[in-house]
Protein chains: 2
Amino acid sequence: MSRSGEQTALSLLEEASLRRTKPRLLVLQSLLAASQPVTQEQIAEQLGDKTPNKVTIYRTLEALCEAGLVHKAFLQDRTWHFELAHNCSEHQCHPHFTCTACGQTTCLMDMQVPAVKSSHNGYTIQRQRMQLEGLCPQCGQR
Amino acid sequence: MSRSGEQTALSLLEEASLRRTKPRLLVLQSLLAASQPVTQEQIAEQLGDKTPNKVTIYRTLEALCEAGLVHKAFLQDRTWHFELAHNCSEHQCHPHFTCTACGQTTCLMDMQVPAVKSSHNGYTIQRQRMQLEGLCPQCGQR
DNA sequence: TATTATTTGCAACTCAGTTGCATCATGAAG
DNA sequence: CTTCATGATGCAACTGAGTTGCAAATAATA
Ligand SMILES: [Mn+2]
Ligand SMILES: [Mn+2]
Ligand SMILES: [Zn+2]
Ligand SMILES: [Zn+2]
């Protein structure tokens, strides 16, 4: 939750022409500080006693998603995990990997995924996402 | 819900060493008859007055998934859609396409998706799934 | 500062999916 | 064919992430 995080959050809101409200700045800073996708609850927890109302966090995340600043990264146990969109291209996000042994999901930021064609049988394909499943490095060794 | 559907359902249960119960046969037949992934509610609706209890359908789907006969195809509006696994390889399922205009999700059974490498930074990748987003043929024409 | 459109907080709600438990049916053994 | 243990089913009650309505607060603008 650094000074630069605050500045970045401000300019992200500016860029998206969203009003600079306290909850939006806080949620953005929390997302900027996160190293993995986080849930509403994790955001609230991280913000401690200055956290906005639960409903406000949801509505903020929704607004940020709509503006393209944030993505719903993946769903785990009926709970959405959110992340900043700034490492994804318009057409393709990095893949998310879930370990079948420990259940942990990880962003594979540096993995190259081949892009599919932008059209198929009349379907116009604008974005592609990939989920991977297998064993993480910890669970992989026998 | 043909005779052959009944036979297929029976052999699928056999193959998976699952007990041949009425609910399992019904759910499997419903899935065999479906042309798209379906929800618990759609299965119940399709089976009409001989439908098993809602909880049983969920538990049946869970058992069939665990046995590898069925997949959770995609989630829409916090609701899982299920499909038979028999058109998927061990490593890769066909992609699912969601139209951002009408919200409909479709299986692209005939679409080729390049396979990723089976290992990356210590992660062992056993299965890959892809979700596509864009405009369906209907919504695509202006 | 005054005005207005947005945003926020709170309480109550929704509903797909889950859980506990008593009853029932399947498949194996005799 | 009958017995029996294991596993499956049905029902009622529950869970909890996410949603809705609305009054109060606040940001942008003049
Ligand atoms: Mn990610
Ligand atoms: Mn499918
Ligand atoms: Zn693991
Ligand atoms: Zn469409």
Side-chain angles (χ1 to χ4, degrees), chain A residues 6 9-30 37-67 69-82 103 105, chain B residues 6 9-30 37-67 69-82 103 105:
Chain A
E6 194 177 330
L10 276 166
S11 41
L12 284 172
L13 287 182
E14 172 92 2
E15 182 191 320
S17 352
L18 290 171
R19 287 194 179 185
R20 306 169 189 195
T21 68
K22 208 179 295 181
R24 287 180 182 164
L25 287 170
L26 287 169
V27 169
L28 271 177
Q29 286 176 78
S30 178
V38 287
T39 65
Q40 173 268 243
E41 201 170 4
Q42 291 174 309
I43 292 171
E45 200 174 318
Q46 204 245 313
L47 292 176
D49 48 9
K50 58 178 179 294
T51 189
N53 181 274
K54 174 183 97 162
V55 180
T56 302
I57 299 181
Y58 278 121
R59 291 201 272 229
T60 298
L61 288 167
E62 188 183 19
L64 296 173
C65 282
E66 208 153 324
L69 296 180
V70 167
H71 288 166
K72 284 185 176 179
F74 57 85
L75 186 100
Q76 202 139 61
D77 300 322
R78 305 186 64 61
T79 311
W80 278 109
H81 292 238
F82 298 85
T105 297
Chain B
E6 195 177 331
L10 276 166
S11 40
L12 283 172
L13 285 183
E14 173 90 3
E15 182 191 320
S17 354
L18 290 171
R19 287 195 181 183
R20 307 170 188 196
T21 67
K22 209 180 293 180
R24 288 179 181 166
L25 287 170
L26 287 169
V27 168
L28 271 177
Q29 286 175 80
S30 179
V38 287
T39 64
Q40 172 276 143
E41 200 171 6
Q42 290 174 311
I43 292 170
E45 199 174 318
Q46 204 244 314
L47 292 176
D49 49 7
K50 58 177 176 300
T51 189
N53 180 275
K54 174 184 96 161
V55 179
T56 303
I57 299 181
Y58 278 121
R59 291 200 272 229
T60 298
L61 289 167
E62 190 183 16
L64 296 174
C65 282
E66 210 153 322
L69 296 180
V70 166
H71 287 166
K72 285 185 175 180
F74 58 84
L75 185 100
Q76 201 139 62
D77 300 323
R78 305 186 63 60
T79 312
W80 278 109
H81 292 239
F82 298 85
T105 296

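Per chain, numbering begins at 1; letters A, B, ... match sequence-line order. Atoms considered below: every heavy atom in the structure, side chains included; atoms not considered: hydrogens, waters and symmetry mates.
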Atom pair distance, as rounded to whole Å: [atom1] in [X] and [atom2] in [N]:
X	N	atom1	atom2	result
B/Ile57	D/dA8	CD1	C1'	14 Å
A/Asp49	C/dG9	CG	P	14 Å
A/Glu14	D/dA27	CD	C1'	14 Å
A/Lys50	C/dG9	NZ	C1'	19 Å
A/Leu26	C/dT7	CG	P	16 Å
A/Leu25	D/dT26	CG	C1'	13 Å

Of the options B/Leu47, B/Ile57, B/Thr56, B/Thr21, which is the one that meets B/Leu26 in a side-chain contact (heavy atoms from CB on, under 4.5 Å)?
B/Leu47
Spatial distance of atom [atom1] ([X]) from atom [atom2] ([Y]) [nearest 0.5 Å]:
X	Y	atom1	atom2	value
A/Trp80	A/Leu75	CH2	CG	5.0 Å
A/Thr60	A/Arg24	OG1	CZ	6.0 Å
B/Glu62	B/Phe82	CD	CZ	9.0 Å

Results of salt bridge (Lys or Arg N to Asp or Glu O under 4.0 Å) for A/Arg78 - residues two or more places apart only
none
Results of salt bridge (Lys or Arg N to Asp or Glu O under 4.0 Å) for A/Arg19 - residues two or more places apart only
none
Determine to 10° how strongly the helix from C/dT1-D/dA30 to C/dG30-D/dC1 is bent, judged from the axes of its five-pair ends.
40°
Is any side-chain N or O of B/Arg59 under 3.5 Å from a base N or O of C/dG17, one able to act as donor and the other as acceptor?
no
Which pair of heavy atoms, one from [X] and one from [Y], lies closest together, and at what distance?
X	Y	value
A/Leu18	A/Ala63	CD1-O, 4.4 Å
A/Ala44	A/Thr51	CA-OG1, 3.3 Å
A/Ser30	A/Gln46	OG-OE1, 2.6 Å

Considering only nitrogen or oxygen atoms on both sides, find all protein atoms under 3.5 Å from nucleotides 16-19 of chain D and state each distance.
unit_1	atom_1	unit_2	atom_2	d
D/dA17	O3'	A/Arg78	O	3.1
D/dG18	OP1	A/Trp80	N	2.8
D/dG18	OP2	A/Tyr58	OH	2.6
D/dG18	N7	A/Lys54	NZ	3.2
D/dG18	O6	A/Lys54	NZ	3.3

Looking at residues at least two apart in the chain, or sitting in another chain, which of them share a ring pair (Phe, Tyr, Trp, His ring centres under 6.0 Å) with A/His81?
A/Phe74
Does D/dT9 have its OP1 or OP2 closer than 4.0 Å to a side-chain nitrogen or oxygen of B/Asn53?
no
A/Arg24 side-chain N/O to C/dT7 phosphate OP1/OP2 under 4.0 Å:
yes
Is it true that A/Glu14 and A/Arg20 have a side-chain N and a carboxylate O under 4.0 angstrom from each other?
yes
What pairs of nitrogen or oxygen atoms, one from the protein and one from nucleotides 28-30 of chain D, lie under 3.5 Å apart?
unit_1	atom_1	unit_2	atom_2	d
D/dA28	OP1	A/Arg20	N	3.0

